[in-house]
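In what follows, a single structure is set out as structure tokens and then discussed.
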Amino acid sequence: MPRTEFTPSIPSRPVYSGLSSHGSSSALMLAEGEGAEAILDLAAQDAAVMDRAHLIFIPAGTGHGPALRALGAKSYVEVPGFATALDRYRKALADAHMGTRLYVAGSEGMIGQAVAEALAAGLPADAIETEHRGGIARRMQCVHCKGITEGVTTDPFLCAHCGLTLFVRDHYSRRLGAFQGVCVDAETPGDVPAVQEIKP
Amino acid sequence: MITQMLRVAAITPLSSYVTRFRFEHPEGAALPVFSGGAHVVVEMPDGAVLRRNSYSLISDPVDSSGYEIAVRREDAGRGGSRYMHSRLRLGDLLRVTVPVNLFSLDLRAKRHLMIAGGIGITPFLAQLKQIARLHAPFELHYAVRSRDEAAALPLLPDLPQVHLHVSDEGNRMDLGAVLAGQPLGTHVYTCGPEGLIDAVAETAARLGWPKGALHSEAFLSPPPGAPFDVTLARSGRKITVGPHQSLLEALEAAGVQPDWSCRGGACGRCETAVIRCDGHIEHHDHWLNDAEKASQTRIMPCVSRFSGADLALDL
């Protein structure tokens with residue numbers, strides 16, 4: 001699956017400009033699902049990028065594991081999801097030094113959470129490379145109840161926590177790694193526009 | 001620039017070359033507080049010439065009772081530091097701008113790594129006081145050629161985070177060792193000679209540091225050069241810039257008042273559009289990027305000069 005090109009939007013909306021190699025710098029890599037292909041492309045572009053890389057892979061139903069393992073990263077581990085990767089990932093960030101690069105590829109929800117963790121750990125934004133691959137489901141925060149709904153593919157959608165019908169905004173929180181959802185029928189309750197599929 | 005007339009309240013030699021000056025309000029009024037890394041421009045009426053030099057503030061940023069600067073005497077310089085050292089007396093009144101900060105701490109940093117070369121220690125003296133209040137982790141490396149050059153040593157806190165490197169005593173600073181293995185969230189601040197700033201940038205790049213974590217400040221003094229003529233396009237007037245005069249000073253002497261702030265090629269305030277350029281602009285600033293410099297359509301009058309047949313500015 002190729003890199004996703006999103007329609008240009010407001011400055012708040014993250015842009016994932018694709019992975020490009022910083023050579024054999026010490027590196028953390030996090031890939032999810034189709035994001036594996038971005039890492040494979042990166043290694044094909046510059047094999048040295050794997051020399052000092054620690055690679056964590058969340059297969060998400062794909063079979064890219066053996067190909068990623070064969071890249072010869074300094075360490076390679078597969079975990080079932082971001083939540084299970086978190087302890088390992090946080091430890092890797094805590095042990096990292098300035099000069100470490102982070103490469104993240106996969107869905108928006110995973111990229112958003114991984115980048116938010118890295119920024120909170122002190123990794124500068126310009127040390128982070130991101131690439132979007134795979135489905136375009138969004139991780140949404142309800143601005144009313146603050147609950148997070150994962151995997152949102154329609155606009156509007158129902159908040160999984162408070163049940164309000166939320167409008168999908170491009171307004172994004174880097175701290176939370178989530179888009180903002182706002183009640184769509186606050187003025188005239190029940191006046192809900194037709195449900196559409198989210199587009200890139 | 002907003003200025004205030006201040007009184008010289010103390011003159012304290014710190015070494016053979018460096019003297020500390022303290023300025024206070026003549027009626028004891030509180031001065032605006034500042035943040036670590038801020039500088040003021042001191043105006044020196046030196047005969048027919050009005051000299052203006054930028055100096056980093058070294059006193060406590062929240063102490064509004066006065067401002068302190070440390071000035072190194074440059075005998076081969078343009079005369080500003082000589083004026084400060086030889087002409088200024090206790091009780092004299094001088095015009096001083098309000099503080100401006102082009103070299104502030106990045107408060108998102110988890111750790112501040114400061115690298116000073118010689119008199120480049122000055123902004124860090126104020127930053128250290130700010131950092132002490134923030135309880136932020138830090139590390140300071142102070143590199144000098146000889147112990148005599150380490151004028152600020154008595155002003156530094158006696159803490160294990162403060163490292164003195166004296167090259168003629170055989171412990172020259174090893175930038176690779178200083179920059180390697182720094183934890184995530186470290187920001188680097190460098191102040192000193194251009195060679196040091198370049199060396200930090202090169203070493204950091206080699207170790208994979210992203211540019212956003214690097215900060216530096218160097219005030220340039222306007223370099224001397226051959227005299228040249230400039231046409232002011234709006235009035236059609238022609239002025240001549242003398243060999244030891246900056247273009248900005250020549251404009252001011254001619255009654256033109258371009259906007260300015262640092263007068264050292266760092267802040268960008270005096271950036272001026274070039275209408276015609278038949279010749280070569282000698283860019284000395286840190287403000288314009290390489291493409292802008294090559295295009296010869298902008299000039300920083302505070303430090304840059306010109307050689308050639310014709311230069312017309314949008315003034």
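Just so we're on the same page: letters track the sequence lines, and every chain starts at 1. For clarity, every value in this text was computed on a predicted model and none was experimentally measured.
Looking at every heavy atom in both residues, A:Leu123 comes nearest to B:Leu184 through CD1-CD2, 3.5 Å. Nearest heavy atoms, B:Pro210 versus A:Pro124: CG-CG, 3.6 Å. A:Asp126 approaches B:Gly212 most closely through the heavy-atom pair OD2-N, 2.7 Å. Summarising the geometry of B:Ala213 relative to A:Met98, their closest heavy-atom pair is CB-CE, 3.6 Å, with the distance given to 0.1 Å.
Proximity to chain B is limited to the backbone of A:Ala120, based on heavy atoms less than 4.5 angstrom apart.
Enclosure of atom CZ in B:Arg172 is not indicated, since only 12 or fewer non-hydrogen atoms of other residues, nucleotides or ligands lie within 6.0 angstrom. No more than 12 heavy atoms of other residues, nucleotides or ligands shown are found within 6.0 angstrom of CG on A:Asp87. Within 6.0 Å of CD1 in A:Ile10 there are more than 12 heavy atoms belonging to other residues, nucleotides or ligands. Applying the 6.0 Å contact sphere to NZ of B:Lys211 captures no more than 12 heavy atoms from other residues, nucleotides or ligands. Other residues, nucleotides and ligands place no more than 12 heavy atoms under 6.0 Å from the CZ atom of A:Arg88.
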